[in-house]
A.B. asks: 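Pasting a structure here, questions to come.
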Amino acid sequence: MIKLPRGARVKSRSGIYHIMLRGVNKQEIFHDDEDCITFLDMINRYKEKAELTVYAWCLMNNHVHLLLKEGNEDISITMKRIGVSFVSYYNRKYETTGHLFQDRFRSENVESMRYLLTVIRYIHQNPVKAGMVQQVDL
(Lines give C-alpha, C1' and ligand atoms only; values in the text may rest on other atoms or scores of the structure.)
Protein backbone atom coordinates (compact mmCIF):
# COMPACT_ATOMS: atom_id res chain seq x y z
CA MET A 1 0.00 0.00 0.00
CA ILE A 2 1.35 3.39 -0.99
CA LYS A 3 1.16 5.97 1.75
CA LEU A 4 0.30 9.39 0.38
CA PRO A 5 1.55 12.53 2.07
CA ARG A 6 -1.03 14.16 4.26
CA GLY A 7 -2.86 17.13 2.84
CA ALA A 8 -2.65 20.63 4.18
CA ARG A 9 -5.16 21.56 6.86
CA VAL A 10 -8.07 23.50 5.39
CA LYS A 11 -8.16 26.95 6.98
CA SER A 12 -11.40 27.91 8.71
CA ARG A 13 -12.92 31.17 7.52
CA SER A 14 -14.19 31.83 11.05
CA GLY A 15 -10.94 30.74 12.72
CA ILE A 16 -12.95 28.29 14.87
CA TYR A 17 -12.01 24.60 15.03
CA HIS A 18 -13.28 21.47 16.74
CA ILE A 19 -10.00 19.81 17.65
CA MET A 20 -9.50 16.18 18.61
CA LEU A 21 -6.36 14.63 20.07
CA ARG A 22 -6.14 10.89 20.73
CA GLY A 23 -3.58 8.82 22.59
CA VAL A 24 -1.38 6.67 20.37
CA ASN A 25 -2.93 3.20 20.09
CA LYS A 26 -5.87 4.70 22.05
CA GLN A 27 -3.74 4.59 25.21
CA GLU A 28 -4.60 6.71 28.23
CA ILE A 29 -3.12 10.18 28.22
CA PHE A 30 -4.61 11.30 31.55
CA HIS A 31 -3.98 8.99 34.50
CA ASP A 32 -4.96 11.31 37.33
CA ASP A 33 -6.33 14.76 38.16
CA GLU A 34 -2.83 16.28 38.08
CA ASP A 35 -2.48 15.29 34.41
CA CYS A 36 -5.82 16.91 33.54
CA ILE A 37 -5.04 20.08 35.48
CA THR A 38 -1.60 20.32 33.88
CA PHE A 39 -3.10 19.99 30.39
CA LEU A 40 -5.70 22.66 31.14
CA ASP A 41 -2.99 24.93 32.61
CA MET A 42 -1.05 24.56 29.36
CA ILE A 43 -4.11 25.46 27.33
CA ASN A 44 -4.59 28.51 29.54
CA ARG A 45 -0.94 29.53 29.15
CA TYR A 46 -1.15 29.39 25.35
CA LYS A 47 -4.62 30.95 25.45
CA GLU A 48 -2.95 34.04 26.90
CA LYS A 49 0.12 33.96 24.64
CA ALA A 50 -1.75 33.26 21.40
CA GLU A 51 -4.91 35.23 22.30
CA LEU A 52 -6.88 32.03 21.77
CA THR A 53 -10.61 31.78 22.54
CA VAL A 54 -11.74 28.57 24.27
CA TYR A 55 -15.43 27.78 23.75
CA ALA A 56 -15.53 24.22 25.11
CA TRP A 57 -13.31 21.36 26.17
CA CYS A 58 -13.61 17.77 27.33
CA LEU A 59 -10.77 15.63 28.60
CA MET A 60 -11.43 11.90 28.40
CA ASN A 61 -8.93 9.25 29.54
CA ASN A 62 -7.58 8.61 26.04
CA HIS A 63 -8.65 11.63 24.01
CA VAL A 64 -9.41 15.34 24.09
CA HIS A 65 -12.03 17.53 22.43
CA LEU A 66 -11.42 21.29 22.20
CA LEU A 67 -13.46 24.01 20.55
CA LEU A 68 -11.08 26.89 19.88
CA LYS A 69 -10.83 30.08 17.91
CA GLU A 70 -7.31 30.82 16.79
CA GLY A 71 -5.79 34.05 17.98
CA ASN A 72 -2.62 35.75 16.81
CA GLU A 73 -1.04 32.61 15.33
CA ASP A 74 -2.15 29.67 13.21
CA ILE A 75 -4.03 26.98 15.18
CA SER A 76 -1.46 24.38 14.09
CA ILE A 77 1.33 26.33 15.78
CA THR A 78 -0.67 26.77 18.98
CA MET A 79 -1.63 23.08 19.09
CA LYS A 80 1.98 22.06 18.48
CA ARG A 81 3.06 24.19 21.46
CA ILE A 82 0.38 22.65 23.70
CA GLY A 83 1.16 19.11 22.53
CA VAL A 84 4.93 19.38 22.89
CA SER A 85 4.59 20.94 26.34
CA PHE A 86 2.22 18.24 27.59
CA VAL A 87 4.25 15.37 26.13
CA SER A 88 7.37 16.76 27.80
CA TYR A 89 5.53 16.90 31.15
CA TYR A 90 4.07 13.40 30.63
CA ASN A 91 7.39 11.81 29.64
CA ARG A 92 9.15 13.35 32.66
CA LYS A 93 6.40 12.33 35.10
CA TYR A 94 5.99 8.76 33.86
CA GLU A 95 9.64 8.25 32.82
CA THR A 96 8.72 7.39 29.25
CA THR A 97 9.92 8.52 25.86
CA GLY A 98 8.41 8.91 22.44
CA HIS A 99 4.99 9.71 21.10
CA LEU A 100 1.94 10.21 23.27
CA PHE A 101 -0.56 11.42 20.67
CA GLN A 102 -1.74 9.51 17.62
CA ASP A 103 -0.69 11.41 14.50
CA ARG A 104 -1.32 15.14 14.35
CA PHE A 105 -4.48 16.56 15.82
CA ARG A 106 -7.69 16.25 13.82
CA SER A 107 -9.87 19.28 13.28
CA GLU A 108 -13.19 20.27 11.80
CA ASN A 109 -13.89 23.80 10.71
CA VAL A 110 -16.79 25.52 12.43
CA GLU A 111 -18.27 28.06 10.05
CA SER A 112 -21.74 28.81 11.44
CA MET A 113 -23.39 29.63 14.77
CA ARG A 114 -25.65 26.61 14.37
CA TYR A 115 -22.69 24.25 13.98
CA LEU A 116 -20.86 25.97 16.86
CA LEU A 117 -23.77 25.15 19.16
CA THR A 118 -23.95 21.59 17.82
CA VAL A 119 -20.24 21.04 18.55
CA ILE A 120 -20.53 22.56 22.04
CA ARG A 121 -23.35 20.12 22.83
CA TYR A 122 -21.42 17.19 21.33
CA ILE A 123 -18.29 17.98 23.37
CA HIS A 124 -20.18 18.39 26.64
CA GLN A 125 -22.23 15.21 26.05
CA ASN A 126 -19.11 13.09 25.39
CA PRO A 127 -18.79 11.77 29.00
CA VAL A 128 -22.52 10.95 29.05
CA LYS A 129 -22.27 8.99 25.80
CA ALA A 130 -19.23 7.14 27.18
CA GLY A 131 -21.24 6.13 30.28
CA MET A 132 -18.91 8.01 32.63
CA VAL A 133 -21.63 10.27 34.04
CA GLN A 134 -25.43 10.34 33.98
CA GLN A 135 -25.78 13.98 33.00
CA VAL A 136 -23.78 17.07 32.26
CA ASP A 137 -23.57 19.44 35.21
CA LEU A 138 -23.57 23.12 34.42
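Every value quoted in this text rests on a predicted model; they were computed, and no experiment measured them. Sequential numbering from 1 along the given sequence is applied to the chain's residues. Only heavy atoms go into these numbers, but all of them, side chains included; no hydrogens, no water, no symmetry mates.
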A.B. asks: Could you tell me which residues satisfy salt bridge (charged side-chain N to carboxylate O under 4.0 Å, His left out) with E108, sequence neighbours excluded, listed by chain and number?
C.D. replies: none
A.B. asks: Holding to salt bridge (charged side-chain N to carboxylate O under 4.0 Å, His left out), I want the full list of residues that pass it with D74, two or more places apart in sequence or in another chain.
C.D. replies: K11
A.B. asks: Go through the structure and list residues passing side chain to side chain contact (heavy atoms under 4.5 Å, CB included) with S14, not counting sequence neighbours.
C.D. replies: S12, I16, E111
A.B. asks: Side-chain heavy atoms under 4.5 angstrom apart, residues restricted to Ile, Leu, Val, Met, Phe, Trp, Tyr: same cluster for L40 and I82?
C.D. replies: yes
A.B. asks: List for me each residue that meets side chain to side chain contact (heavy atoms under 4.5 Å, CB included) alongside L21, sequence neighbours excluded, and say none if there are none.
C.D. replies: F39, V64, M79, F101, F105
A.B. asks: Let me see the working for M60 and N126 under side chain to side chain contact (heavy atoms under 4.5 Å, CB included), right down to the final yes or no.
C.D. replies: CA-CA 8 Å; M60 303 291 279; N126 215 258; 3.6 Å; yes
A.B. asks: Checking R121 now: which residues fulfil salt bridge (charged side-chain N to carboxylate O under 4.0 Å, His left out) with it, not counting sequence neighbours?
C.D. replies: none
A.B. asks: Could you tell me which residues satisfy side chain to side chain contact (heavy atoms under 4.5 Å, CB included) with N91, sequence neighbours excluded, listed by chain and number?
C.D. replies: V87, T96
A.B. asks: Kindly write out the residues that satisfy ring-ring contact (aromatic ring centres under 6.0 Å, His included) with H63, not counting sequence neighbours, or none if the list is empty.
C.D. replies: H65
A.B. asks: Between E70 and T78, does the side chain to side chain contact (heavy atoms under 4.5 Å, CB included) criterion hold? Intermediate values first, please.
C.D. replies: CA-CA 8 Å; E70 64 187 359; T78 304; 5.9 Å; no
A.B. asks: Between CG of D103 and CZ of R22, what distance do you get to the nearest 0.5 Å?
C.D. replies: 11.0 Å
A.B. asks: For a quick test of reading the model, state the closest non-hydrogen atom pair linking I29 to G23 and the distance between them.
C.D. replies: CG2-CA, 3.7 Å
A.B. asks: Atom CD1 of I123 and atom CE of M20: how far apart are they, to the nearest 0.5 Å?
C.D. replies: 8.5 Å
A.B. asks: Can you tell me how far OH of Y17 sits from CD1 of I75, rounded to the nearest 0.5 angstrom?
C.D. replies: 7.0 Å
A.B. asks: Only distances under 3.5 Å count here; give the side-chain donor-acceptor pairs of residues 46-56 to other protein atoms, sequence neighbours excluded, each with its distance to 0.1 Å.
C.D. replies:
| from | atom 1 | to | atom 2 | distance (Å) |
| --- | --- | --- | --- | --- |
| Y46 | OH | S85 | OG | 3.1 |

A.B. asks: Which pairs pass side-chain hydrogen bond (donor to acceptor under 3.5 Å, both in side chains) with one or both residues in residues 24-40, sequence neighbours excluded?
C.D. replies: E28-H31, H31-Y90, D32-K93, E34-K93, D35-Y89, D35-K93, D35-Y94
A.B. asks: Identify, with sequence neighbours excluded, every residue that meets side-chain hydrogen bond (donor to acceptor under 3.5 Å, both in side chains) alongside R81.
C.D. replies: E73
A.B. asks: Rounded to the nearest 0.5 Å, how far does NE2 of H124 lie from CG of L67?
C.D. replies: 8.5 Å
A.B. asks: Would you say the ring centroid of Y115 lies under 6.0 angstrom from that of Y122?
C.D. replies: no
A.B. asks: Honestly curious: do V110 and I19 fall in one hydrophobic cluster under the side-chain, below-4.5 Å linking rule?
C.D. replies: no
A.B. asks: Step by step, would you call K80 with I77 a side chain to side chain contact (heavy atoms under 4.5 Å, CB included)?
C.D. replies: CA-CA 5 Å; K80 182 176 181 178; I77 293 170; 5.7 Å; no
A.B. asks: How many angstroms lie between CG in N61 and SG in C36, if you round to the nearest 0.5 Å?
C.D. replies: 7.5 Å
A.B. asks: Using side-chain hydrogen bond (donor to acceptor under 3.5 Å, both in side chains) as the criterion, list what pairs up with R114, not counting sequence neighbours.
C.D. replies: none
A.B. asks: Please report the interatomic distance CD1(I37) to CE(M42), rounded to the nearest 0.5 Å.
C.D. replies: 12.5 Å
